[in-house]
Protein chains: 2
Amino acid sequence: MTVGIRHDDLRRRNRAMVLAAVRRSGQPSRTEITAITGLSHSTISAISSDLIAEGILREGRSEPTASKRGRPQVGLQLDPSAAAVLTVVLSLNLLTAAAIDYAGKVLAEETCRLDTLSLPREALITECVEMVRRRLGDRSLAEHRVLRIAFAVQGTADSHARTMLWTPITPHGDIPFADILEKAFGIPVIVENDCNMMAVALRWRGTDRYRDDFIAVLLSHGIGMGIVLNGELFIGTQSSGGEFGHMIHRPKGALCRCGRHGCVEAYAGNYAIWRNAHGLDENTEPAADIPDDEMLSLAEKARAGAGPERDAYEQAGSALGYSLGSLFSVIDPAPVTFVGIGATAFDLIEPALRRAIAETAGGQHSESIVFATEPKEQILIREGCAMRALTFIDQEIFALGSPAALALQES
Amino acid sequence: MTVGIRHDDLRRRNRAMVLAAVRRSGQPSRTEITAITGLSHSTISAISSDLIAEGILREGRSEPTASKRGRPQVGLQLDPSAAAVLTVVLSLNLLTAAAIDYAGKVLAEETCRLDTLSLPREALITECVEMVRRRLGDRSLAEHRVLRIAFAVQGTADSHARTMLWTPITPHGDIPFADILEKAFGIPVIVENDCNMMAVALRWRGTDRYRDDFIAVLLSHGIGMGIVLNGELFIGTQSSGGEFGHMIHRPKGALCRCGRHGCVEAYAGNYAIWRNAHGLDENTEPAADIPDDEMLSLAEKARAGAGPERDAYEQAGSALGYSLGSLFSVIDPAPVTFVGIGATAFDLIEPALRRAIAETAGGQHSESIVFATEPKEQILIREGCAMRALTFIDQEIFALGSPAALALQES
DNA sequence: AAGCTTTTTTTCGAGCTTCGAAAAAATAAT
DNA sequence: ATTATTTTTTCGAAGCTCGAAAAAAAGCTT
């Protein structure tokens, strides 16, 4: 049972609404916020003057708008120095951290390569902790309070987004990154799935395509998915959600990296395409990692003419098509954006994908099934993490109002 | 962007909360409602005395509770005469309507058999309209205002739940039942999917199993599904949702009733089991309908010993297992309740189902995958319709408060 | 350049709503 | 009959949103 609405919740929610409006619209005037939220001018005026007094919003430079008659609108914008967040993205052989100010601008960034597959558990943790320590100590953050850290990783997290349960990038599982980092730095941490963060980032692109319902599919060594439904990130009953790569394409079929048989990934992941392109048996042990340029040259060969390479991409397309179609039988069709190195070969995948999806119930009346590609996943993941952390600050900290905010400021 | 919360929304929401508490708890006292909603005693007192004055709630007979010291609690209950709803369930060869009072009690019921597959479009519509007319004219409703009609049908409805788009029970599609009935009787109508209503009904059973996350699967001539996630009925981007029966089990596999190949239904629907049990080719045209007793005797033969009948059930279990496993890869595992005639043969299905699901990513750590059966679907569907319609009245009409409610009373 | 028009923003009082504390009500225990 | 205990109602205080009116800040007109 949801809890009743108390009187002070009202202000909190409406403050959150105003912050959301400003974050989404960039530099709306008070009047525009009135229109967006449906609240009265008086209310918006009161709330925004509070937020300005608290140093959360500020009045924007009077940009030379198309000169209209009447008092000019004053744009409100997020005060970049109100807070900051840290994003940490851990992927195969790559660790990236970035500091982001409250307005969403990247202040500083650091990337380091490491051999995640062979690194011992403790060393991996230390690498992460030390990178966070370096970023937090950096002078770019001197003027900012870091209020949250978002940690994205390929694989699954537990239901409270505090522990990395399993990931393909290291044999070690059950690493409670949230607790580890919180203990080390005293800043709230959330652990997120990388594909979910891609979807969040696309949502913030704000275009029509990414408004209410869409799907982001990572085509990489593995296959991942982030789903947005009704404008909200969809996560299953636990927070892992979207293990699309392990839907069963063919019962007892090709060997997957996860040890099972017949998963989509075992047909459409990099290693699967590579395996098929080299004419290996579908039960051959998956390769550990395949360099991007090798995949690119595979795609070139496939484009050059018929042969095992082209067939491999076709198989990938077919697996993706049937599985997306099955998914659409349950959640209804939505636009799909393919992200990652595999997206660069989408021209090779698309024909078989469309044929397969057309044979499914979910894919038949497929006006709403449109595809887009986005080759770089790293930037998207970081963007998603940043927005997740920032909106958390908006909704759960700054929306609380001045007494709570001041208490926090002093701590 | 969600709209801001205005001041008068507050009362509306808290009234809705109180009504929900009473509907769910049966006969809670004001103090219990305080605990459930988290609102103060004063607020609950004010709201409930309003609701009583408006004839929506009433004080319950002082039941002889375990005599405690202190002023005894007065239970609040829904006033049965505050309103009524009509449920209409259209399924293969069967049309049922029932009148339900505001407290959820069935006032009157009517069932009629008709040959839905051969009936012309207009005749089918007339049958429905006339049955509603008879129920509305019945004297059991003399004291009640009928405020809503819920119409459940196998198949898909449009996104606003107003039109039946497609159904396997008649060749006619695109029948705007909501508009037809609203025009005829001036009462708001909603068109719902039968399996969704099964899930809603189970949710109202209120047991632990059916609280936050669970799935209802209809095993009948076709296969349907209703999903509840986080205590809410899950419907896809359009309102059809849960076309689980047409997830692809085997690409280019057995012929399905929908004309496509390889759907789950083509392995686990009544006609598929029948087809396999009779040793027919998997592309044999599906039978139109199979009487329940024929399915029961098929199950008996399968129980008697090995043979094509037992193999058929095993194939059904396997298809269901792989597909559920795939589904669980995306929405995470949840308890499953099988409903309908097929559920009576669950003992034959279960072993293969468990073997298959254990081979999937979603089914591996399967503590939360538990199964239950419920042979009768009709009662569940009606119950779900009733609760859907009644909660609509709670939330969207009675929650509005006395001015609006009085205006409605007069109309 | 002074006054007028237009648009945005702020101010102010009215009307709700919720809350906490205290009072009232209703019963069992003494 | 009185006391203790628990539930429910009453009442005043505080906070929020709203509409109307005022103030502010520009462009337009003469």
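Keep in mind the model is a prediction, meaning the values are calculated, not measured. Below, read A as the first sequence line, B as the second, and so on, with proteins coming before strands; counting in each chain starts at 1.
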D:dG15 P sits how many Å from A:Asp9 CG, rounded?
15 Å

Tell me, please, whether A:Tyr102 has A:Arg23 positioned over its six-membered ring: NZ or CZ under 6.0 Å from the ring centre and within 45 degrees of its axis?
yes

Between atom CD in B:Gln73 and atom P in D:dT9, what is the gap in whole Å?
12 Å

Shortest non-hydrogen contact between B:Thr43 and B:Ser40, atoms and distance
OG1-OG, 3.0 Å

Pair B:Arg11 + B:Asp50: basic N to acidic O under 4.0 Å
yes

Decide, yes or no, whether a salt bridge links A:Glu59 with A:Arg30 under the criterion of side-chain N to carboxylate O below 4.0 Å.
yes

Reading 5' to 3' through nucleotides 21-30 of chain D, protein heavy-atom contacts under 4.0 Å coded B for base, S for sugar-phosphate only, - for none
---BBBBS--

How is B:Thr31 classified with respect to the nucleic acid when contacts are heavy atoms under 4.0 Å: base, sugar-phosphate, or nothing?
sugar-phosphate

Every protein N/O within reach of nucleotides 17-20 of chain C N/O, cut-off under 3.5 Å:
from	atom 1	to	atom 2	distance (Å)
C:dT17	O2	A:His7	ND1	3.4
C:dT18	OP1	B:Asn14	ND2	2.9
C:dT18	OP2	B:Arg11	NE	3.2
C:dT18	OP2	B:Arg11	NH2	3.4
C:dC19	OP2	B:Ser40	N	3.0
C:dC19	OP2	B:Ser40	OG	2.9
C:dC19	OP2	B:Thr43	OG1	2.7
C:dG20	N7	B:Ser42	OG	3.1
C:dG20	O6	B:Ser42	OG	2.8

Rounded to whole Å, how long is the line connecting atom CZ of A:Arg13 with atom C1' of D:dT17?
16 Å

Between B:Arg15 and B:Glu54, does at least one N-O distance fall below 4.0 Å, as a salt bridge requires?
yes

Salt bridge or not between B:Glu232 and B:Arg203? Use side-chain N to carboxylate O under 4.0 Å.
no

Output the rounded distance in Å from CZ (A:Arg12) to P (D:dG15).
17 Å

May I ask you to check if B:Arg205 and B:Tyr210 form a cation-pi contact, with NZ or CZ under 6.0 angstrom from the six-membered ring centre and within 45° of the axis?
no

Find the distance A:Ile44:CD1 to D:dC16:C1' and express it as a whole number of Å.
13 Å

Lys/Arg cation over aromatic A:Trp204: A:Arg388, 6.0 Å, 45° cone:
no

